[in-house]
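What follows is a single structure, written as structure tokens, with notes after it.
Below, read A as the first sequence line, B as the second, and so on, with proteins coming before strands; counting in each chain starts at 1. Side-chain atoms are counted along with the backbone in the values below, which use heavy atoms only and exclude waters and symmetry mates.
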Protein chains: 2
Amino acid sequence: MHTKSEILAAAGELFSERGYHGTSMRELAKALHMRGASLYSHISAKEELLWEIVSEVADHFLALTEVVPRHISPEEQLVQLVRGHLKVIARELHYAIVFFHEWKFLEPSLLARIKVRRDAYEANFCRIIEEGARQGLFRVANPRLAALFVLSALNWTYQWFRLEGPLSVEQLADQYVAFILCMLKNGK
Amino acid sequence: MHTKSEILAAAGELFSERGYHGTSMRELAKALHMRGASLYSHISAKEELLWEIVSEVADHFLALTEVVPRHISPEEQLVQLVRGHLKVIARELHYAIVFFHEWKFLEPSLLARIKVRRDAYEANFCRIIEEGARQGLFRVANPRLAALFVLSALNWTYQWFRLEGPLSVEQLADQYVAFILCMLKNGK
DNA sequence: CCTACCGATCGGTAGG
DNA sequence: CCTACCGATCGGTAGG
């Protein structure tokens with residue numbers, strides 16, 4: 001009757017609103033017009049739902065790293081990465097909320113696997129800004145902290161951005177790109 | 001034996017690590033070397049703990065608004081606000097984490113009261129940047145979005161900053177102030 | 001997919 | 001502050 005991706009979508013919605021620990025399997029089942037026990041013919045445990053959601057978002061972020069070409073300038077690389085990052089958050093907002101808020105509830109071995117991907121993603125972000133600084137394109141005293149500052153501003157968008165809101169993802173990205181480049185290019 | 005603030009401190013620590021719904025009253029009691037039932041001689045309900053923590057952080061943020069003098073320049077006002085904001089997060093990190101992650105679990109009437117304070121704080125932040133834009137001090141096309149961008153970067157610090165880390169709050173604030181002013185003053 | 005059920009734990013109260 | 005206890009609900013299993 002239901003596919004696993006339907007169950008994950010419903011779980012993403014509920015987990016994002018009520019939290020992982022605040023959502024019971026019976027509530028999830030009810031949203032899908034099932035009984036609680038029936039969920040276990042699709043999954044083996046509640047944590048599997050959390051893992052699949054968090055893992056998917058981590059993969060989408062990391063995939064951006066591979067899509068951005070290395071032969072273009074650090075500035076262009078950064079612009080593409082910022083746009084992609086905001087699109088991932090905006091287009092799968094429920095999953096992104098679960099990713100940012102609930103990943104810490106994964107058991108240690110799964111948590112470790114996510115941290116590896118997050119660190120790789122951040123390192124790539126950092127690398128681009130450092131490369132831009134080396135070329136004299138970005139004038140920034142502390143590239144690592146600048147990368148963290150930028151990523152912070154991007155990540156927080158899940159807190160307020162809504163696709164149904166007045167601002168499109170493209171408009172948001174245009175403005176954020178402008179802020180970020182202005183900050184990086186005019187520093188001392 | 002225990003004061004209410006000791007109980008709140010322990011709750012802040014546990015709620016920030018395991019989440020509000022992921023922490024049981026018995027676990028909290030255990031951290032305080034008490035039995036679960038004994039907590040109820042200090043508080044009336046679990047939600048009271050969440051409310052007091054969230055409310056205290058909201059008050060500390062809003063208090064910054066009143067401390068910053070109105071007669072100094074928007075730039076100076078912003079610098080003081082940024083410094084104060086980062087200090088609130090850094091100095092009561094556990095409470096700040098609970099504030100940002102768990103406030104949505106308050107019942108509707110309490111949630112509404114927090115939203116009022118948060119909106120007032122954001123509006124003040126916005127006002128300062130808009131005032132700076134009007135004076136030609138900040139060259140920014142969309143002051144409201146610029147304020148959101150800056151607040152995003154500030155808020156996210158709870159995710160990674162630790163007082164025991166290599167960076168002091170003062171150093172962090174110096175760098176963030178530089179990023180923010182650079183961004184706001186050099187835009188077009 | 002269902003009904004029926006498991007042991008464990010939940011927030012909270014009674015009474016001292 | 002404690003012991004003892006409440007009904008409700010938790011994630012998950014058995015068996016069909």
Options C:dC2, D:dT13, C:dG12, nucleotide nearest the side-chain atoms of A:S38: C:dC2
Gap between atoms CZ and P, on A:R18 and D:dC10 respectively (whole Å): 11 Å
Nearest-angstrom distance from the residue atom CG of B:L39 to C1' of C:dC10: 14 Å
Complement of C:dG11, any strand, by Watson-Crick or G-U distances under 3.5 angstrom: D:dC6
Nearest-angstrom distance from the residue atom CG of B:L28 to P of D:dC1: 12 Å
NZ/A:K30: more than 12 non-hydrogen atoms of other groups inside 6.0 Å: no
Nearest-Å distance for atom pair CD/P, residues B:E47 and C:dC10: 18 Å
Result of checking A:H85, A:R91, A:E92 against A:H60 for side chain to side chain donor-acceptor pair (under 3.5 Å): A:E92
Value in whole Å for how far the C1' atom of C:dG11 lies from CZ of B:F105: 17 Å
Given C:dC1, D:dC1, C:dG12, the nucleotide with the shortest approach to the side chain of B:S41: D:dC1
Length of the line joining A:R26:CZ and D:dA8:P, which is rounded to integer Å: 14 Å
B:Y176 and A:F149 aromatic ring geometry - parallel, tilted or perpendicular at 30°/60° bounds: perpendicular
Interatomic distance, B:M25 CE vs D:dC1 C1' [rounded to whole Å]: 15 Å
Sugar-phosphate, base or nothing in reach of A:H21, heavy atoms under 4.0 Å: nothing
Sugar-phosphate only, base, or nothing, as touched by A:A37 at under 4.0 Å among non-hydrogen atoms: base
D:dG16 - base-pair partner by Watson-Crick or wobble geometry, distances under 3.5 Å: C:dC1
Listed nucleotide nearest any side-chain atom of B:S24, set D:dG12, D:dC2, C:dG11: C:dG11
Options C:dT13, C:dC1, C:dT3, nucleotide nearest the side-chain atoms of B:Y40: C:dT13
Listed nucleotide nearest any side-chain atom of A:K46, set C:dC1, D:dC5, D:dG11: D:dG11
is_close_aromatic(B:F99, B:F61), centroid dist under 6.0 Å: yes
Expected output: side-chain B:Q171 to main-chain B:S168 donor-acceptor under 3.5 Å: yes
Gap between atoms OH and P, on B:Y20 and C:dC10 respectively (whole Å): 14 Å
Candidates C:dC2, D:dC2, D:dC1 - which lies nearest the side chain of A:R35: C:dC2
